[in-house]
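This report refers to the structure that appears directly beneath it.
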Amino acid sequence: MEHWQKAFHVDHLVRGISMPPSNLDNAFRGNAADFQAHEVFSDRDAEWAAVVDSVRNVWETVSASTFDVQDLESPRRNVLVFYGVGGIGKTTLAQQIARRLGGDDVAMSHWDVPDPPLPRTVPEYLDLAKNTTFELDEVILAIRLALASRGHRAPAFDLALSRYWEACHPGESLDDYLRVRTRLSRISSRLPEQVNEILGEVADNFELPGMVGGLVSQGVGALVKALRDRHDHALALRCRRLPAILEEEPDLDALSYYPHLLAWDIDRLPPKQALLPVVLLDTFEDIAERGNRKNERLINRLVWLMPNVLFVVTGRNRLQWDDARLREKLWRTGAVRWPLLRSDVGEPRQHLVGYLSPHDRETFLAHRLTSDGRPMIPSGHRRLIAARSEGLPLYLDMAASLFVELLQSEGSVPPVQAFDRDFAELVTATFRDLTPDEQSVVRAASLLESFSVELATAAAGLARDSAALCVVDRPFVEFDESGLWPYRVHKLVRSAIRNAGFDSDSREPWSEADWRRAAQRAFDAIGVQWRRDDDDRRVLVACLRAGLRLARDFSLRLGWLEDAAVEFARDSAVEAIDIGDAPSAADGTPLPIDAAAAALAATLSVIARRNVAHRQTIADELRAILADGDLPTRMREIPEYYIAMCERDLGNFDASMRGMRKVADDGGRLAPDARRGLHHLLRRLGRFRNALEIAEQLGATGRQQRALGELWWSQGNIALACTSLAVARDHSSAAGLSGEAALCQSYLAFAAAFQDRARANIQVEHAHELIGRARVGWAEVLLQVAALVVDAGHDPDLPQRADHVAASATAVGLTSLAGYARLAACFHAAVIDSPQLSDHARMLLRESVRGAEFAYLVEIAYMFTNRDSPSALRSDWIEGEAAAKQRWSGLVTDRRAELAATGRN
């Protein structure tokens, strides 16, 4: 975690909250109990293991006999990256790594001691934060100073540095420069003395006339001129690129090549002095500019030119040097040149610094504030804060500081409810290094649970994707490639941004009108995607969820949602349409919402549950929505239609018939479906010829082929039924109606089961695949019935299985399927030619039949054994009762023959 002091002061993340008092200051503050604030840092064992592996791997590379420090073509494997959102503890991680590598055994004492020991390292921590001006001089000098402080010389580099210094820092000695630079003055070193020694030795060793002993008075330029004039002496240093560097005019660009000389000097150290420098570059996002990347280009070159140095980069964003598209902005780019930056194996590579586990969150809070060695924050407070934090350490630190503030201002432990909140400061932390366009993208994306680059760009009102492409690389944006829209803003950050409203501290704050315009743009873009991909069920469901939430929260006109809702209602799938709780203010007060959108969302949510809840419950909930009166008139047909469907499944024939007729007569978008519903009801009554007349008028929108298939199987015409149902399935699949396709396939499996067991098993397997994608509860039970029919005559336990399926169907109000299960038991009894079992099965079937509805199933049960039903009720068989009896009894005969052929009868 960040230090307490950093959490209170750096970048003003927690404005208005005092520093934790010292023990003496606390003693005179008031009557509150003494307490202590402690630095807390999570284990980060995996990160330390990555450092250990990286040090070993880089050392193995540079120690090999084939390693050539002057090779500028080989891929680089010397960058270890830790990136993550602000407040995750990256700075402290880098500092602790530097301390541990520097020999501080107290730092992170729980980290494993490497075995075998690591090679000798020289760690150097550099903070690149924007609150100090970036100077390449300082970065390079820091590395050189770290070596000098340990007595190591660098003759080639010091020679070039001396020339650069004389030209670019006239009148300012190296001593003076180091003394006033706080980032460098902390490094005790005799670098200036070493530089002068090197210059003298060069003049002496190469016998440059007039130079020995006169360097200070004559200046470095004279020495360099002499070396240039005597090119062979420069080559005598054996660094083949030194002459070219000395001949180039010294400026910032030339300086960026000097690290090559320093790397050469490190490589030339005697074996007993051999070491591996480890340079930790913290807050890297502050130089990784999204524009010209000038400073990042300099660091990119520095790292490339020093392959024998391990660089540990910590920042908010993933390092993009593996992206060849940046070749115009950086010096060396691409996955070939930086292979480990794109890899997920091997070290060093890129690591996302993760959020804290639930256990670590509570441990953090327990140790953050203590009194007499005991946690000050009560356990109930800690549990709530830990849950609200989503594992973000910065949130935990902010909550701890709030606890201090409330404790001191109120004189007692604050109520737990005070911590059920977001912190607007999280917005400041998130927005700190974003451009205005990127801030707009993040705000727009926070309106959505998930988003794509295209969607975020449209919602932000931008003409180009560049800002969104930068945002999705940020660590507070999570990625899930399985989602339709693969990106999402981290839940806690998203909540903080949304709840901060337009008062958040940013360069270009949004007004309430800005938020609403962004919501409208997002809503319109979602509608465009749905209409463009309207054959994809997944797109429909995702667009409905996102669109309904936006319409509810920002009172948007329903527009395209009405068409999408009807399409959802017309299919038979049951994906949950949960749009979450309505928004509320920071104090918990509910905010105004659009009642029509909320009612439509509630309607779709209820009908999506129709196959997992009892039909009576679904009907009652839909009636309640209608009674509230919030649904637009043109949308009332959806609950009316589904109430009629529930009544049908419950066996309430008259109520279902009235509901279907009303929807059909109103002529709305569900009128064809209602007419098909009337067809179903007529079929249930055995009025098959009337049902056929309606089915032939349904057309494609009324699901004509499925209606015909359901009708033909009841006549025993299995071949014609399977043909119609297969056509219906294919049409539904082509239209993207996965639920309807699954239902048609289940009916096909059920019908085929009476005639062809081998084919039926294939159809059942296919149906299970389709249901797995669409989750159609009615079809799932129908497949259980199909399995009964497949096993008729083969499974002696089939009657008990039929009892179980019938009971399950009845429990959720599916009376039709209960009747089908009983019919399967009758088929089984007829196949094995058991009069006693047939009588019992027909008795159970009659008990599941209500009057005329489904009475035709009882007639079929007698037709199995070539008998007439004793009931006075007679169905209007399409081709006559005799033809139907011949087909059904023929199916029984065929199954007996199949059993005889297999030797089972």
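In this text the structure is predicted, and so the values were computed from the model without any measurement.
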I would like to know whether R388 and D420 meet salt bridge (Lys or Arg N to Asp or Glu O under 4.0 Å); could you show each step before the answer?
CA-CA 7 Å; R388 289 279 288 161; D420 188 12; 3.4 Å; yes
Test side-chain contact (heavy atoms from CB on, under 4.5 Å) on R318 and V81; report intermediate values, then the result.
CA-CA 8 Å; R318 184 184 180 279; V81 182; over 6 Å; no
Chi angles and distances behind the side-chain contact (heavy atoms from CB on, under 4.5 Å) call for I618, R609
CA-CA 8 Å; I618 298 299; R609 294 171 36 241; 4.1 Å; yes
Please evaluate residues V313 and F82 with respect to the criterion side-chain contact (heavy atoms from CB on, under 4.5 Å), reporting the C-alpha separation (whole Å), side-chain torsions for both, the decisive distance (0.1 Å), and the verdict.
CA-CA 6 Å; V313 173; F82 295 115; over 6 Å; no
Yes or no on side-chain contact (heavy atoms from CB on, under 4.5 Å) for W111 and R100, after CA distance, side-chain angles and deciding distance?
CA-CA 9 Å; W111 280 352; R100 188 63 181 271; 3.1 Å; yes
Step by step, would you call D620 with R623 a salt bridge (Lys or Arg N to Asp or Glu O under 4.0 Å)?
CA-CA 5 Å; D620 291 343; R623 287 192 181 95; 3.6 Å; yes
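In this structure, A386 and E362 approach most closely via the heavy-atom pair CB-CG, 4.0 Å. Nearest heavy atom pair, residue P639 against residue L631, reads CG-CD1, 3.7 Å. When all heavy atoms are compared, the tightest approach of A444 to A460 is CB-N, 3.7 Å. Taking both residues in full, the closest heavy atoms of K90 and V353 are given as CG-CG2, 4.3 Å, listed atom of the first, atom of the second, then distance. Taking every heavy atom of both residues into account, D437 and A467 meet most closely at CB-CB, 3.8 Å. P123 and L280 get closest at one heavy-atom pair: CB-CD1, 4.4 Å.
The line from CZ of F284 to CZ of F311 is 10.5 Å long, rounded to the nearest 0.5 Å. L80 contributes atom CG, which lies 5.5 Å from atom NE2 of H351 (distance to the nearest 0.5 angstrom). Atom CG of L462 and atom CD of E438 lie 10.0 Å apart (nearest 0.5 Å). Separation of atoms CD1 (I497) and NE2 (H490) is listed at 11.5 Å; rounding is to 0.5 Å. Taken from CZ in R44 to CD in Q96, the straight-line distance is 12.0 Å, to the nearest 0.5 Å. To the nearest 0.5 angstrom, L447 atom CG is 10.0 Å from L455 atom CG.
Ion pairing between R545 and D578 fails under the 4.0 Å rule for side-chain N and carboxylate O.
Looking at W485 and Q529, their side chains do bring a donor and an acceptor atom within 3.5 Å of each other. When only modelled atom types and interatomic distance are considered, S511 and D514 share a side-chain donor-acceptor pair under 3.5 Å.
In this structure, R368 contributes its side chain and A400 its backbone to no donor-acceptor pair below 3.5 Å.
Two residues are said to be in side-chain contact when any heavy atoms from C-beta on lie closer than 4.5 Å; F523 and F554 fail this criterion. The shortest side-chain heavy-atom distance between I385 and R383 does not fall under the 4.5 Å cut-off. Residues V472 and V453 form a side-chain contact, since some pair of their non-hydrogen atoms from C-beta on lies under 4.5 Å apart. You'll find the side chain of L548 reaches within 4.5 Å of the side chain of L561, heavy atoms only.
Between W510 and W515, the angle of the ring planes goes over 60°, which puts this pair in the perpendicular group of the 30/60° scheme. Between H381 and F403, the ring-plane angle classifies as perpendicular under the 30° and 60° cut-offs.
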